[in-house]
Amino acid sequence: MDNNKIKIFDTTLRDGEQSPGCSMNLEEKLKVFETLQSLNVDIVEAGFAIASEGDFEAVKEVSKLAKDTIVCSLARANKTDIERANEALSFAKNFRIHTFIATSELHMKYKLQMNREDVLQKIKDSVSYARNYTNDVEWSAEDGSRSDFQFLCKCIDVAIKAGAKTINIPDTVGYCMPLEYQDIFKKIKNNVDNIDNVTLSVHCHNDLGLAVANSISGIEGGARQVECTINGIGERAGNASMEEIVMAIKTRKDILPYFTDINTKHIINASRVLSAVTSFTVQPNKAIVGANAFAHESGIHQDGMLKHNRTYEIMNPEAVGLNKSKLVLGKHSGRHAFKQKLNEMGYSLGDNFINEAFKNFKKLCDKKKEIFDKDIIALVDNEVSQQDDLIKLLLLEVTCGSTRNPLVKVILDYKGKEIEKSNSGNGPVDSIFNCINGLINNNAKLELFLINAITKGTDAQAEVSVRLKENDISVSGTASDTDTMVASAKAYITALNKLIMKRKKRNVGLNLSTKKIN
Ligand code: KIV
Ligand code: ZN
């Protein structure tokens with residue numbers, strides 16, 4: 001293999017999915033996996049098979065779907081975890097078992113309550129046990145970047161002797177500075193026997209906003225695998241963002257002599273599918289995939305761009321799948337034009353999906369004079385996030401004004417059954433949410449409520465995001481509509497649907513009240 005090829009190990013479905021508000025059900029995970037496959041990532045970490053039934057199923061179903069992609073499951077350093085990972089992965093053409101244990105003094109003492117000798121023994125036992133199932137075993141030193149260097153080298157040596165083919169040194173808490181992280185890799189290469197027979201891997205978290213910088217610095221230190229996630233989702237401040245690393249390598253070929261096999265034209269689609277299924281929206285100024293990443297607003301910049309696009313654009317938007325769309329859609333546009341527009345915007349969606357989205361597009365045209373690209377993105381996101389929902393909004397009526405308390409009527413479809421309620425509250429949004437809570441019993445607290453106008457104009461669609469927290473379950477929902485109250489109701493319902501899904505995973509059913517109250 002070319003020594004400058006960087007393998008992309010995507011952990012959106014494992015480390016990414018673990019983070020608050022980012023959980024996905026099986027269908028959603030498979031949808032995301034399809035986009036990862038079209039990106040041509042080398043390895044997909046599909047879950048942590050032992051963590052839950054849902055994780056096990058996800059690893060299993062991804063394994064069945066995968067063509068050449070290597071499918072991976074995480075496993076702690078014990079036999080049961082490794083057996084469960086193998087069971088789920090055995091459907092895959094190519095698979096990897098990824099086993100890990102913490103190696104820093106802090107983690108060993110307080111979390112594992114193990115001494116160095118115990119940890120070394122665990123590494124030897126777990127890696128050699130995993131090797132009974134596959135030659136492709138990765139070993140990770142959790143909190144590796146904060147571990148004693150001599151001990152870390154000893155652990156790596158044991159892992160290699162036991163048969164690991166990839167050695168990953170995570171910056172688990174996002175603590176390292178780029179040159180410090182690079183130095184760890186350089187020193188490992190100089191201090192561990194047979195290190196050139198394995199692939200070194202970076203895995204960075206973004207607590208200090210350095211995950212991408214650290215990943216690239218680690219590559220310069222000798223790593224040839226990057227662990228990352230779409231949109232940088234992940235624990236706390238997130239993992240290193242795949243699109244940023246891949247585009248940095250591609251754009252700065254002049255000083256970074258590396259390459260990846262990522263088909264970058266699918267980046268926008270992958271980012272949008274992920275934000276739609278998780279309702280975890282990307283900030284507008286996010287590098288590569290944010291709504292403003294290729295927008296030029298100021299007069300000086302626009303003037304420069306007209307004279308030569310390289311004045312203010314370091315990457316072609318087309319390279320990430322953002323085609324400058326020339327098609328303007330309106331109420332007379334047909335399904336064919338709509339489909340072409342979606343393709344130009346970087347979406348690759350199935351026919352059934354397009355048919356449904358097209359119906360909603362026509363409805364939107366009746367409500368809004370001009371249809372902008374951002375309207376279409378919101379429409380497709382709505383469609384993606386509301387598929388397979390248990391609760392659906394059938395009707396919302398709101399009467400409010402300066403001289404009266406708002407009055408709200410809501411009719412929901414819950415598993416094919418109509419339930420309705422009327423209610424009053426402090427304001428229209430409060431009344432709507434109270435009404436829905438009267439129908440779907442829950443103890444969730446509203447943690448976040450955001451309204452954003454998607455485009456300019458008073459007929460713009462409102463995009464509403466809500467985040468709910470019930471006990472330790474945190475979920476978010478986003479929806480858009482030309483009517484702000486409808487968007488609020490739909491976003492709240494999307495979040496409740498996710499709450500149901502998460503509760504189901506833990507076998508706690510929502511207590512549904514079907515009583516008609518008028
Ligand atoms: O951040 C981390 O240390 C991890 C390991 C389990 C690989 O995610
Ligand atoms: Zn991690």
Side-chain angles (χ1 to χ4, degrees), residues 21-22 28 31 231 268-269 271-284 286 289-292 295 325 328-331 333 338 341-342 345-347 349 353-389 391-398 408 410 412-413 428-429 432-433 436 446 448-468 475-498:
C22 280
E28 291 167 341
K31 226 174 261 164
N231 295 344
I268 290 288
N269 184 51
S271 162
R272 287 185 185 156
V273 168
L274 183 68
S275 8
V277 301
T278 54
S279 297
F280 211 82
T281 44
V282 164
Q283 78 209 48
K286 159 92 173 63
V289 291
N292 296 347
S325 177
V328 179
L329 295 186
K331 68 193 297 175
S333 308
F338 181 68
K341 177 81 179 179
L342 292 180
M345 291 172 72
Y347 286 109
L349 303 160
F353 186 93
I354 291 176
N355 290 344
E356 276 311 303
F358 182 62
K359 280 189 213 152
N360 289 330
F361 162 71
K362 283 292 191 183
K363 282 187 202 155
L364 184 63
C365 291
D366 287 336
K367 293 185 190 163
K368 211 169 171 284
K369 278 197 292 289
E370 283 179 288
I371 304 291
F372 299 94
D373 286 6
K374 286 179 182 169
D375 287 315
I376 294 173
I377 294 171
L379 189 137
V380 175
D381 285 0
N382 266 352
E383 204 62 50
V384 172
S385 67
Q386 282 155 23
Q387 277 185 328
D388 319 315
D389 279 352
I391 314 166
K392 291 191 172 81
L393 179 70
L394 295 181
L395 177 134
L396 173 71
E397 281 174 3
V398 182
V408 166
V410 171
L412 302 178
D413 175 315
V429 173
I432 293 169
F433 291 0
I436 297 171
L446 182 68
L448 176 109
F449 176 76
L450 273 180
I451 307 180
N452 176 35
I454 291 179
T455 58
K456 57 187 182 184
T458 47
D459 65 350
Q461 289 195 84
E463 182 180 62
V464 176
S465 300
V466 302
R467 192 170 66 229
L468 302 179
V475 286
S476 26
T478 301
S480 51
D481 199 280
T482 45
D483 185 314
T484 310
M485 295 305 116
V486 174
S488 305
K490 284 185 176 168
Y492 197 76
I493 290 168
T494 302
L496 280 181
N497 274 307
K498 290 187 188 233

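In what follows, every heavy atom counts, from backbone to side chain, and hydrogens, waters and symmetry copies are set aside. Given the structure is predicted, the values throughout are model-derived calculations rather than measurements.
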Is any side-chain heavy atom of [Y] closer than 4.5 Å to one of [X]?
| X | Y | answer |
| --- | --- | --- |
| Leu395 | Val410 | no |
| Leu329 | Phe338 | yes |
| Met485 | Val429 | yes |
| Thr278 | Ser476 | no |
| Ile371 | Phe361 | yes |
| Phe280 | Cys22 | yes |
| Glu397 | Val408 | no |
| Thr478 | Glu463 | yes |

With [X], which residues qualify under side chain to side chain contact (heavy atoms under 4.5 Å, CB included), at least two apart?
| X | result |
| --- | --- |
| Lys367 | Asp481, Thr482 |
| Ala378 | Ile454, Gln461, Ser480 |
| Lys331 | Cys365, Asp366 |
| Leu450 | Leu448, Ser465 |

Looking at [atom1] of [X] and [atom2] of [Y], how far apart are the two atoms once the value is rounded to the nearest 0.5 Å?
| X | Y | atom1 | atom2 | value |
| --- | --- | --- | --- | --- |
| Leu496 | Ile436 | CG | CD1 | 7.0 Å |
| Ser488 | Leu393 | OG | CG | 11.0 Å |
| Leu379 | Asn360 | CG | CG | 5.5 Å |
| Ser333 | Lys341 | OG | NZ | 9.0 Å |

For [X] and [Y], work out which heavy atoms get closest and say how close.
| X | Y | result |
| --- | --- | --- |
| Asp375 | Lys368 | OD2-NZ, 2.8 Å |
| Val282 | Ser275 | CG2-OG, 4.1 Å |
| Ala460 | Ala453 | CB-CB, 4.4 Å |

Mind checking salt bridge (Lys or Arg N to Asp or Glu O under 4.0 Å) for Lys363 and listing every partner two or more places apart, or none if nothing turns up?
none
Taking only residues two or more places apart in sequence or in another chain, which ones pass salt bridge (Lys or Arg N to Asp or Glu O under 4.0 Å) with Lys374?
none
Using the rule given for side-chain contact (heavy atoms from CB on, under 4.5 Å), can you reason through Val289 versus Asn231, listing the C-alpha separation, both sets of side-chain angles and the distance that settles it, and then say yes or no?
CA-CA 8 Å; Val289 291; Asn231 295 344; 3.7 Å; yes
So does Lys359 pair up with Glu356, basic N to acidic O under 4.0 Å?
yes
Is the side chain of Asn497 donor-acceptor paired with the backbone N or O of Asp389 at a distance under 3.5 Å, no angle test?
no
Can you tell me if Asp483 uses its side chain to pair, donor with acceptor, with the backbone of Val486 under 3.5 Å?
yes
Ring geometry between Phe449 and Phe433 (parallel below 30°, tilted from 30 to 60°, perpendicular above 60°)
perpendicular
Checking side-chain contact (heavy atoms from CB on, under 4.5 Å) for the pair Lys392/Ile493: CA distance, chi angles, key distance, verdict?
CA-CA 7 Å; Lys392 291 191 172 81; Ile493 290 168; over 6 Å; no
